[in-house]
Amino acid sequence: MGSTSAENSNPEGVGRRDLIKRSAALGLISVPTMSFLSACASSDSGSEGQAEAGKKTTKNPLGVNETATLSVVIFDGGFGTKYATDANAEYKKAYPKAKIDFHKTQKIQSELQPKFNGGTPPDLIDNSGAQQMDMGVLVGKKQLTDLTPLLDAPSIDDPAKKVRDTLRPGIVEMGQFDGDPVWIMYYAYTVYGVWYSQTALDRLDATYPEDWDAMLALCEKAKKQGIAGWTYAGKYPYYLPFSLYPFIAKIGGREVLDRIDNLEPNAWKDPAVKSAFEAYYELFKKGYVLKGTPGIDHIQSQTAWAKGEALFIPNGSWVENESANVIPADFNLAVSGPSGLDSSDAMPFGTIWASGGEPFIVPAKAANPTGGMEQLRIMLSEASSKNFTTQVKSLTAFNGGTEGVELTPGLKSGVAALDKAGENVVNPRLQDWYVKLQKEQIGVAGLGEMMAGRLTPAEAVKKIQGYADAAAKDESIKHYKHQ
């Protein structure tokens, strides 16, 4: 798999960058993938077997068939499913004659593949988790309903406002892949970054490190007290980009990530990528990563971190709810954008990745797609948004919904991080444009192997670039670019 020999034995050779000069030429393409949809019998959208349209009224602007069954599948992960069943209850109040068929699962792809193949998908799906369906493939094969009618419908709280006018900046654009149609509604608003216990830092008489030298010094200080600097989801190392990608942007500018997303040639050869990889590899080389991390999953890594075995973990804002049963009461959960590399970084400290999460989709061949959109309209009300935020400690796509809600430490820190970032919020699109490339190849086969010490940074860059180059030649997949 490659050598663990110290090609970077000189500490100044790791990420110290008189070398950052924005090399142009970045590129990435989703690798050839036997995504579940490649075997679908048809890629056409169709209306056969769909419920007849209902009458459009002020209370029913989408024209929902009030007696049609609504079939909903929700990913049972860090946010749980109660917020969804609560929204189902609101749908039932609005349409008492409708039956709601609700199902929760962690096996989105394996359970729904047969239904897509058979032309009987549910009406609304929370397409999330480790078995998330490839959104780029779904869109490319015309398997999804355009949600524009939902976005142009009157909002629940103020009929004078369209739903689209009540959403956080960037949410609509995230659901677009090529042109105006909107294929995905990202319901949660996720803050990605480096999560930590402020209490743990206080015990070390430390503050969050703003540059990499300070990060290494703090990790060394923690190591002397038997505490690891970092841990991460070793079995799912595609969590690493939650802090690594904004780190790359901070070093070289957001255009580095844009060129990666746009599938331009030689993406992974940019000096910013090289420096970021070398910096993270230094965590491994110096023994600052919790022992055994490559072999543990997200829950195990979060549990070890919550128990104080490691200071930092790359994650999203769902971690507060997902780890609520193991985070101590005095933990003082906090999040920050990545530490910088040095003073020549292109973007300021505080640069962070924040974007829509929990992608909801309405299949094109759903029996009741209008009902699926109506359920989303209900979920995007202020009441449902507040309910979600209160229950799962995360913001929603609804631009508001925190008034009168007592913010938890992690959520309060996430809001503060967004305020600090201001306009310096990045939103890399690989995880929804090219799922297999992001998770299996960049994540597991590239970053995972590097952080386990089985690849050097140079070898990891070369390997990932190889995946990208091979994918660039694959004409069977649809490619996307920032608009």
Side-chain angles (χ1 to χ4, degrees), residues 45-74 83-102 121-127 144-176 179-189 356 358-388 396-401 403:
S45 58
S47 57
E48 289 185 21
Q50 290 185 348
E52 292 184 6
K55 182 180 179 181
K56 291 185 178 182
T57 65
T58 301
K59 292 185 177 180
N60 183 7
L62 290 171
V64 173
N65 183 323
E66 299 186 14
T67 64
T69 296
L70 175 68
S71 176
V72 179
V73 176
I74 298 292
Y83 75 92
T85 55
D86 287 348
N88 289 347
E90 293 301 313
Y91 187 97
K92 187 72 174 174
K93 285 181 186 177
Y95 307 101
K97 295 180 181 180
K99 175 187 175 184
I100 296 180
D101 180 7
F102 175 80
D123 304 314
L124 182 64
I125 302 168
D126 174 16
N127 182 30
L144 302 183
T145 297
D146 178 9
L147 301 179
T148 298
L150 161 68
L151 295 169
D152 288 338
S155 66
I156 293 286
D157 300 300
D158 182 357
K161 278 188 176 181
K162 295 180 180 180
V163 169
R164 69 170 66 244
D165 297 328
T166 68
L167 304 178
R168 294 184 186 276
I171 291 294
V172 171
E173 291 75 12
M174 278 196 70
Q176 296 173 323
D180 293 331
V182 179
W183 305 109
I184 303 163
M185 173 53 62
Y186 288 86
Y187 185 62
Y189 193 73
E358 292 308 293
F360 277 76
I361 54 176
V362 176
K365 290 189 176 181
N368 186 12
T370 306
M373 286 191 280
E374 176 68 0
Q375 179 68 310
L376 283 174
R377 192 173 78 98
I378 290 170
M379 290 170 64
L380 291 168
S381 67
E382 183 173 8
S384 288
S385 179
K386 281 185 175 181
N387 187 48
F388 179 88
T396 72
F398 178 78
N399 196 4
E403 298 82 0

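Here the structure is a predicted model, which is why all the values come from computation and not from measurement. What you see below is based on every heavy atom in this structure, not just the backbone, and it leaves out hydrogens, waters and symmetry mates.
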Atom of [X], atom of [Y] and distance for their closest heavy-atom approach:
X      : Y      : result
Tyr91  : Gln375 : CB-OE1, 3.6 Å
Ala367 : Asp123 : N-OD1, 3.2 Å
Thr148 : Pro181 : OG1-CA, 4.2 Å
Thr396 : Tyr189 : O-CB, 3.5 Å
Thr145 : Ala364 : OG1-CA, 3.4 Å
Trp183 : Leu144 : CZ3-O, 3.3 Å

Fit a plane to each ring of Phe388 and Tyr187, take the angle between them on a 0 to 90° scale, and name the class: parallel (under 30°), tilted (30 to 60°) or perpendicular (over 60°).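 Correct class here is perpendicular.
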
With rounding to the nearest 0.5 Å, note down the distance linking [atom1] in [X] to [atom2] in [Y].
X      : Y      : atom1 : atom2 : result
Thr67  : Lys99  : OG1   : NZ    : 13.0 Å
Ile361 : Leu376 : CD1   : CG    : 10.5 Å
Arg168 : Met174 : CZ    : CE    : 13.5 Å
Tyr186 : Glu173 : OH    : CD    : 12.5 Å

What do the steps show when you test Met373 against Met185 for side chain to side chain contact (heavy atoms under 4.5 Å, CB included), and what is the final call? CA-CA 10 Å; Met373 286 191 280; Met185 173 53 62; over 6 Å; no

If we only count heavy atoms from C-beta on, is the [X] to [Y] side-chain gap below 4.5 Å?
X      : Y      : value
Ile156 : Arg377 : yes
Val172 : Gln176 : yes
Arg164 : Asp152 : yes
Thr370 : Asn65  : no
Leu151 : Leu167 : yes
Met379 : Glu90  : no

Give a yes or no on whether the backbone of [Y] and the side-chain of [X] come within a donor-acceptor separation of less than 3.5 Å.
X      : Y      : result
Asp101 : Leu70  : no
Lys386 : Glu403 : yes
Gln50  : Ala366 : yes

Going through the checks in order, is the side chain to side chain contact (heavy atoms under 4.5 Å, CB included) test met by Lys55 and Asn60? CA-CA 8 Å; Lys55 182 180 179 181; Asn60 183 7; 6.0 Å; no

Does Phe102 form a side chain to side chain contact (heavy atoms under 4.5 Å, CB included) with Ile74? I'd like the steps, not just the answer. CA-CA 8 Å; Phe102 175 80; Ile74 298 292; 3.5 Å; yes

Between Ser155 and Asp157, a side-chain donor and acceptor under 3.5 Å: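 No.
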
Kindly check if the number of other-residue, nucleotide or ligand heavy atoms within 6.0 Å of NZ (Lys92) is above 12?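 Correct, the count exceeds 12.
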
